[in-house]
Amino acid sequence: MIYLDHAAATPILPAVIEALHNAQSEHFANASAAHGLGRKQLKEVENCRQIFSKILKANDEDQLIFTASATESNNLLIKGLELSAGDRVLYCQADHPSLEMPVRSLEKSGVIAEKIELDQLGQVDLNQLAERLDSSVKLLVLGHVNNLSGCIQPVAQVGQLLSELAPGAHFHLDAVQSFGKIELASSYDSLSLSSHKIGGPKGAALLHLKKEIRLTPLLDGGGQEGGLRSSTLAYPLIKGFSLAAEQILEGQVSCYEKVSLLNGYLREQLQKSHRSLQIPFEQAQTSPYVLMFIVPGISSDVILRHLGEKEIYLSSSSACSSKIKAKNPVFSALGLPEKYHKNVLRLSLSGGTTEAELELFLEEWRRLIADIGYLFKA
Amino acid sequence: MTMENYNTILLNVDELWLKGKNRPLYYKAAKRHVKEVVKLLHTAPFQIKNDNQRLVLSSQENFCGELIPALQRIPGLFSIAPVRPVAANLEDICRAAISETEALVTRPTSFKVFTKRIDKRFPHDSMEVSRQVGGALLEKIEQLRVDVHHPELKVQIKITPEWAYVGIREFKGVGGLPFAMTGNLVTLLSGGFDSPVASYQMAKRGCRQSFVFFYAYPFVGEDVKEKIIKMSRVLASYQRESKLYVIPFGEIQKAIAKTCREEYRTILFRKLMVDAANLLADKIGADALLSGDALGQVSSQTIGNISLIDQISKRPVFRPLLGNNKAEIIALSRRIGTHDISVIPHDDACSLFAPKHPIIKPDKNYWDLYNKQNQFCDALSDALSNAEVFSFNALGK
């Protein structure tokens with residue numbers, strides 16, 4: 001099997017599996033219980049929180065809330081701010097639906113949702129953004145690395161523009177695809193992270209709230225996580241998540257170098273494989289972990305199934321929206337012509353991806369082109 | 001429909017009067033199909049008798065509501081009427097007609113009585129029975145009047161030596177000829193509107209059909225197969241028993257596309273599908289193929305292309321929709337229950353391979369040469385032996 005869909009989910013790290021196993025079998029108590037076992041577990045959860053606090057260079061007044069998914073973190077933040085009718089919220093349509101959909105849901109209460117445009121490089125058009133900013137903008141949500149294109153957003157510049165032109169606005173950053181892979185951003189007011197993209201288990205995520213931001217919780221109940229996320233603390237998942245975070249950061253620099261080389265090689269070889277193949281975004285503006293390319297004329301599903309038969313797995317669009325046929329608004333936002341929307345493929349790598357794996361992939365890829373390449377249409 | 005308290009159903013047969021000496025065989029076939037359907041929906045014992053050109057289905061227990069629509073799909077049945085059997089005397093007939101009418105939730109305002117006196121020894125003639133029953137209804141039920149032209153309520157009375165049957169509802173069947181009486185077909189199914197409607201047309205003509213789908217995986221996804229299975233369930237509900245053969249065809253399409261002139265792709269796919277269907281027909285003993293072609297609808301359905309296919313097919317290819325317009329086909333698909341499945345979007349391998357300008361008037365020399373130089377016998381028999389087979393009962397389950 002050759003797995004090249006790490007941006008959707010990546011295998012759990014061996015050390016994390018072991019930690020999960022231990023935590024699941026031994027730490028069964030409820031962390032909110034008053035007895036010794038419960039207290040011990042709560043302490044363990046706080047240790048995990050400390051790990052993230054250190055990683056994210058959080059201040060004492062910051063809040064770090066464990067949730068079950070980055071989708072939940074994004075929803076908690078966007079809906080929890082309780083914006084008022086007439087407030088403007090900026091979002092990018094190319095981002096993950098867990099950013100766009102909660103923003104759009106605010107429209108019911110009179111909030112004005114506005115799309116941010118991207119430039120040809122797939123990055124936020126800063127000039128245009130500057131024109132849009134004023135004190136009526138209360139929130140801007142953005143994905144640090146786009147999950148489909150891999151484009152890295154100029155977070156620092158966006159943050160600066162916000163503080164200059166819309167000082168009261170809240171800047172929420174989704175760092176799901178960037179955490180542990182590229183340099184951490186700092187100019188945000190809140191940030192979401194997800195465990196299963198970095199070698200941790202599914203079902204754990206984090207929301208980092210800087211300063212004393214008041215949120216209305218999505219869930220009412222036992223009042224865990226400072227009242228912001230009522231639910232029994234999933235200690236084993238949190239433990240696995242924090243361990244994965246430590247490990248991925250430890251290897252971040254060396255993996256980045258390695259994956260950059262692999263990405264460059266892949267680009268070169270893919271481009272060579274067929275003259276009609278297109279790679280819409282340059283390596284310089286993208287995360288080396290994500291590589292989007294277009295095979296004109298053949299539905300990407302057809303390619304996925306052919307490769308799937310050889311146990312090679314990649315993705316045709318974000319796994320959460322891959323059922324969409326024909327026109328895809330996310331691809332439109334990325335500036336891809338509509339005629340290519342069914343032809344988009346995404347390779348996503350991890351620090352563990354090897355050159356040998358890519359060679360095997362490329363071998364099958366060339367064989368596939370020899371087989372059905374005549375169906376490609378420029 | 002509610003079937004409260006009905007344990008007797010009259011099944012009027014269609015066209016069987018045409019069949020002369022073969023008539024008993026046709027009755028037997030219709031009866032067998034009915035039996036199969038009733039068995040699947042009715043757990044208590046039941047019987048089916050021939051009774052003067054019709055079948056009488058009866059049981060000690062009342063039948064369920066699902067039975068009527070299932071019976072409506074049995075080829076050879078003209079109509080289905082739940083009835084009340086009563087002693088053959090005027091008094092009981094009138095009483096039954098009144099109680100049936102009174103039981104209706106929405107009271108009709110106009111009615112007409114239809115009487116058939118099969119037992120000519122019955123002391124009153126048909127006119128007299130209708131008059132008497134009509135009089136009783138007018139007397140008992142308020143605001144009811146006779147309308148001989150457009151009655152809201154039709155009260156049907158059939159008088160046999162044994163019983164008089166009183167009924168106020170009659171449901172139309174698909175009519176035609178009973179299952180498997182006219183021959184065996186291999187039906188080429190695609191995901192569209194046409195082939196399912198063609199299948200229905202020939203089901204009505206008493207053909208036993210085996211469905212075949214050419215599955216171009218990995219050029220199409222598994223959702224297409226799911227769609228075809230769903231479609232086959234509907235079509236199978238017009239047959240006593242059915243099989244669907246899903247034949248892997250991706251490799252063959254790929255091989256054709258690689259070796260032929262681009263404009264010939266579609267017609268050659270067509271040829272290979274017909275070849276494969278004939279091979280299957282050899283295996284299962286079918287007499288002809290069935291396809292949903294409508295003349296000129298797409299390029300593979302020109303007279304030139306159709307005649308090319310007919311020249312290579314070992315068996316006749318039935319095309320019951322040749323003369324139909326698309327709108328007519330779609331309207332019929334709504335009626336027979338296939339429309340909502342046909343509209344489900346699906347990948348189509350043929351459109352992936354579709355040439356820019358498909359051949360409309362094929363060059364016979366090229367065609368012959370290609371087919372001589374490119375034999376797909378082994379690939380076809382491989383594909384056939386790797387076919388997935390699905391079986392369906394008379395309810396399409």
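Chain letters run A, B, ... following the sequence lines, proteins first and then strands; every chain starts at 1.
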- Message: Can you tell me if A:E114 has over 12 outside heavy atoms packed within less than 6.0 Å of its CD?
- Response: yes
- Task: Tell me, out of A:I298, A:I303, A:D371, who's got the most heavy-atom pairs with chain B below 4.5 Å.
- Result: A:D371
- Query: How far apart are the closest heavy atoms of B:K254 and A:I372, and which atoms are they?
  - Reply: CD-CG2, 3.7 Å
Review item, side-chain donor-acceptor pairs of residues 210-218 of chain B, under 3.5 Å, at least two apart:
none

- Task: Could you pull out all residues at least two apart from B:R315 that satisfy side-chain hydrogen bond (donor to acceptor under 3.5 Å, both in side chains)?
- Result: B:N278, B:D282
- Message: So, taking the atom named CG in A:D301 and the one named CZ in B:F219, what distance separates them when rounded to the nearest 0.5 Å?
- Response: 13.5 Å
- Message: For the CD atom on A:E309, are there more than 12 heavy atoms of other groups (residues, nucleotides or ligands in this structure) within a distance under 6.0 Å?
- Response: yes
